[in-house]
2 protein chains.
Amino acid sequence: MRDSNASEGERVPRSDEADNAPTAELPAVTDRNGPARTGRAAPGVDPNRVRAIPEAAVARLAVYLRVLSAMAEHGAVTVSSEELSSASGVNSAKLRKDLSYVGSYGTRGVGYEVDVLTAEIERVLGLTRKQKVAVVGIGNLGHALANYGGFPGRGFPVEALFDVDADLVGVPVGGMPVSHIDDIPKVCAQRGIAIGVIATPPAAAQSVCDRLVQGGVQCILNFAPVVLRTPPHVEVRKVDLAIELQILSFHVARKTEQRTRRRVPAARASSNGEVV
Amino acid sequence: MRDSNASEGERVPRSDEADNAPTAELPAVTDRNGPARTGRAAPGVDPNRVRAIPEAAVARLAVYLRVLSAMAEHGAVTVSSEELSSASGVNSAKLRKDLSYVGSYGTRGVGYEVDVLTAEIERVLGLTRKQKVAVVGIGNLGHALANYGGFPGRGFPVEALFDVDADLVGVPVGGMPVSHIDDIPKVCAQRGIAIGVIATPPAAAQSVCDRLVQGGVQCILNFAPVVLRTPPHVEVRKVDLAIELQILSFHVARKTEQRTRRRVPAARASSNGEVV
DNA sequence: TAGCGCTTGTGAACGCGTGCACAAAATCCG
DNA sequence: CGGATTTTGTGCACGCGTTCACAAGCGCTA
């Protein structure tokens with residue numbers, strides 16, 4: 001009954017794939033061929049123990065990381081799964097299972113050392129090596145992203161900004177000059193940018209996406225409300241404000257509907273149970 | 001192997017709940033008590049056919065809606081599940097199942113009428129009644145949201161803007177004057193605002209959230225990187241840029257790792273594992 | 001050192017979502 | 001008018017993710 005961004009954000013389908021969208025709420029679109037696991041999904045066991053971590057677990061690990069960092073600032077040295085889980089809004093069983101994907105770094109009867117756990121999660125998420133980010137489309141949203149600067153707890157360095165608007169090119173935004181989108185492939189390749197963020201109008205998104213791919217970007221975070229087509233090796237995540245609102249709208253409608261229905265005598269409170 | 005924003009955005013856990021996070025990719029967190037279904041999850045059948053639509057399906061329906069609207073503009077009158085699904089990036093079986101939650105509005109051997117399908121999906125998503133939206137925190141992101149104006153395909157009317165900054169109060173942004181956050185409860189109640197969008201710094205998010213709830217808001221879209229505590233009847237969805245980037249970072253690391261491992265013969269670094 | 005209590009880590013079961021495959025239905029064509 | 005073709009709608013089975021529940025392990029205390 002409640003669970004929204006299934007798995008946060010949404011998985012964006014590939015043109016070359018026949019399946020799709022996610023759950024875990026989220027976010028909301030998932031797809032895959034093999035198991036949903038992230039590691040090697042080969043039928044046989046994974047030899048190198050890359051450990052197949054469920055996508056949903058990865059998202060939660062990122063949440064734990066932030067909570068842990070807040071706790072560390074408060075001077076906490078150890079945490080129990082109970083404390084960490086309630087602060088993160090998940091149940092403790094799930095939290096422990098998530099942490100088990102990372103490894104066994106807890107002490108039974110005691111809990112986890114905050115700094116050890118933090119380091120291990122960062123290791124698994126690949127945060128030890130900062131991934132360079134490029135933002136394309138310097139409108140309101142692009143500005144917000146460019147200035148996001150230190151993303152909470154360690155930042156992803158924004159190494160390049162792009163826009164079509166000639167008047168913007170050369171202008172520094174958040175301490176970084178804007179380049180023209182025609183230079184995307186060149187600049188991205190030169191600077192070794194791994195992640196591209198698309199904050200352009202929908203019409204421009206696909207062509208920008210193509211250029212980013214051309215520039216060797218491995219992952220794309222797409223804020224434009226379109227379904228991007230990318231080669232299979234490029235990971236795409238989508239954040240869609242309109243869809244988020246529509247999902248909420250659905251919930252509002254549902255609640256209103258239930259309330260209305262309740263008012264009507266007919267009732268039948270039995271099955272429906274919760275009154276909300 | 002690929003599927004990110006599980007179910008889009010993420011479900012935000014409740015303080016009073018013991019469970020949690022979502023799927024369906026994007027952002028990522030889900031939780032619930034009963035079945036993940038959205039309708040009444042009572043054991044018995046749902047008498048009033050509120051039809052329990054999976055959260056992930058709701059998110060996809062919103063995507064179909066946008067694709068349909070684009071097709072309508074191109075003059076399409078009917079669509080087959082195959083066309084619509086490939087344009088939406090899902091497989092046709094899933095699409096048909098999703099549409100079956102809405103009802104049976106297709107014609108076998110022919111397909112779906114674009115306008116009929118559009119109308120029915122809008123009905124199910126509750127888009128026939130426009131939900132009023134308030135945006136809190138008029139920084140870069142808030143500006144972007146306030147100007148988002150016509151969200152692609154029908155807009156959610158932004159009926160109020162709020163900020164703490166006294167210099168901003170009264171200033172029109174996107175054609176609407178900014179009010180002070182202290183007035184949130186009053187204004188929201190007066191204007192019957194159903195959805196609140198939080199685009200404030202993390203530190204202010206919880207208190208803003210409390211005021212929104214106080215003002216009678218039913219759903220909250222949270223862009224601040226914090227876990228909000230809300231009463232059970234308030235639906236919260238979260239969009240977390242930092243987490244999105246971290247998830248992508250994880251994928252980048254994984255790919256790099258695989259590439260590296262393939263190159264190195266010895267391999268099997270045992271414990272420390274990944275080379276990063 | 002032995003016992004007790006607390007917390008981790010995980011095996012197993014449940015449930016939801018996904019994908020397959022086919023029957024039902026409607027149109028088209030001969 | 002009957003058969004071939006196309007496409008919907010769905011029953012069923014598989015699989016992942018969540019949850020439960022408990023054994024294992026560690027520290028503290030007597």
Side-chain angles (χ1 to χ4, degrees), chain A residues 1 3 6-7 11 17-26 28-38 41 43 52-60 78-85 90-113 117, chain B residues 1 3 6-7 11 13 17-25 28-38 41 43 52-60 78-85 90-113 117:
Chain A
M1 180 185 252
D3 101 295
S7 282
R11 188 53 220 332
E17 300 183 337
D19 48 337
N20 51 8
T23 16
E25 319 164 9
L26 89 247
V29 172
T30 307
D31 71 318
R32 97 186 71 29
N33 300 329
R37 303 292 164 120
T38 304
I53 305 182
E55 185 84 13
V58 172
R60 286 191 298 267
T78 61
V79 241
S80 67
S81 62
E82 199 59 54
E83 294 168 322
L84 185 53
S85 67
V90 304
N91 72 38
S92 61
K94 189 185 291 185
L95 177 130
R96 287 199 300 277
K97 179 136 291 191
D98 287 343
L99 294 186
S100 77
Y101 292 123
V102 176
S104 294
Y105 301 101
T107 306
R108 297 173 190 233
V110 180
Y112 304 86
E113 272 185 69
L117 195 54
Chain B
M1 179 188 246
D3 107 289
S7 282
R11 188 51 218 334
E17 300 184 335
D19 47 337
N20 51 9
T23 16
E25 342 90 52
V29 173
T30 306
D31 73 319
R32 98 184 70 30
N33 301 330
R37 302 293 165 119
T38 305
I53 306 183
E55 186 82 13
V58 172
R60 286 190 298 267
T78 61
V79 241
S80 67
S81 62
E82 199 58 55
E83 293 169 324
L84 185 52
S85 66
V90 304
N91 72 36
S92 61
K94 189 185 291 182
L95 176 131
R96 286 197 301 274
K97 181 143 291 189
D98 288 342
L99 294 186
S100 76
Y101 292 124
V102 176
S104 294
Y105 300 101
T107 304
R108 297 175 189 230
V110 179
Y112 304 86
E113 270 185 70
L117 194 54

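Chain letters run A, B, ... following the sequence lines, proteins first, then strands; residues in each count from 1.
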Task: Nearest heavy atoms of B/Ala57 and B/Asp98, plus distance in Å - done: CB-OD1, 3.4 Å
Open item on the list: Using every non-hydrogen atom in the two residues, find where B/Glu83 and B/Thr78 come nearest and quote the distance to one decimal.
Closed with: OE1-O, 4.1 Å
Please state how far atom [atom1] in [X] lies from atom [atom2] in [N], giving the value in whole angstrom units.
| X | N | atom1 | atom2 | answer |
| --- | --- | --- | --- | --- |
| B/Leu84 | D/dT6 | CG | C1' | 17 Å |
| A/Leu117 | C/dT7 | CG | P | 16 Å |
| B/Leu99 | C/dT18 | CG | P | 14 Å |
| B/Ile53 | C/dT18 | CD1 | C1' | 17 Å |
| B/Leu95 | D/dT7 | CG | P | 14 Å |
| A/Asp98 | C/dT8 | CG | P | 14 Å |
| B/Tyr105 | D/dG9 | OH | C1' | 14 Å |
| A/Lys94 | C/dG15 | NZ | P | 16 Å |

- [ ] Summarise protein proximity over nucleotides 22-30 of chain D in one line of letters, 5' to 3': B for base, S for sugar-phosphate only, - for none, counting protein heavy atoms closer than 4.0 Å.
- [x] -BBBBS---
Task: Test side-chain contact (heavy atoms from CB on, under 4.5 Å) applied to B/Tyr112 and B/Leu84, step by step - done: CA-CA 10 Å; B/Tyr112 304 86; B/Leu84 185 52; 5.6 Å; no
Show the distances under 3.5 angstrom between N or O atoms of the protein and N or O atoms of nucleotides 11-14 of chain C.
from: C/dG11; atom 1: O6; to: A/Lys97; atom 2: NZ; distance (Å): 3.3
from: C/dA12; atom 1: N6; to: A/Lys97; atom 2: NZ; distance (Å): 3.1

Open item on the list: Below the 4.0 Å mark, does D/dT7 have OP1 or OP2 next to a side-chain nitrogen or oxygen of B/Ser80?
Closed with: no
Open item on the list: Does D/dG9 have its OP1 or OP2 closer than 4.0 Å to a side-chain nitrogen or oxygen of B/Tyr112?
Closed with: yes
- [ ] Can you figure out which of C/dT8, D/dT8, C/dT18 approaches the side chain of B/Arg60 most closely?
- [x] C/dT18
Open item on the list: If the condition is side chain to side chain donor-acceptor pair (under 3.5 Å), which residues does B/Ser81 pass it with, not counting sequence neighbours?
Closed with: B/Arg96
TODO: To the nearest 0.5 angstrom, please state how far the NZ atom of B/Lys97 sits from the CZ atom of B/Arg60.
DONE: 11.0 Å
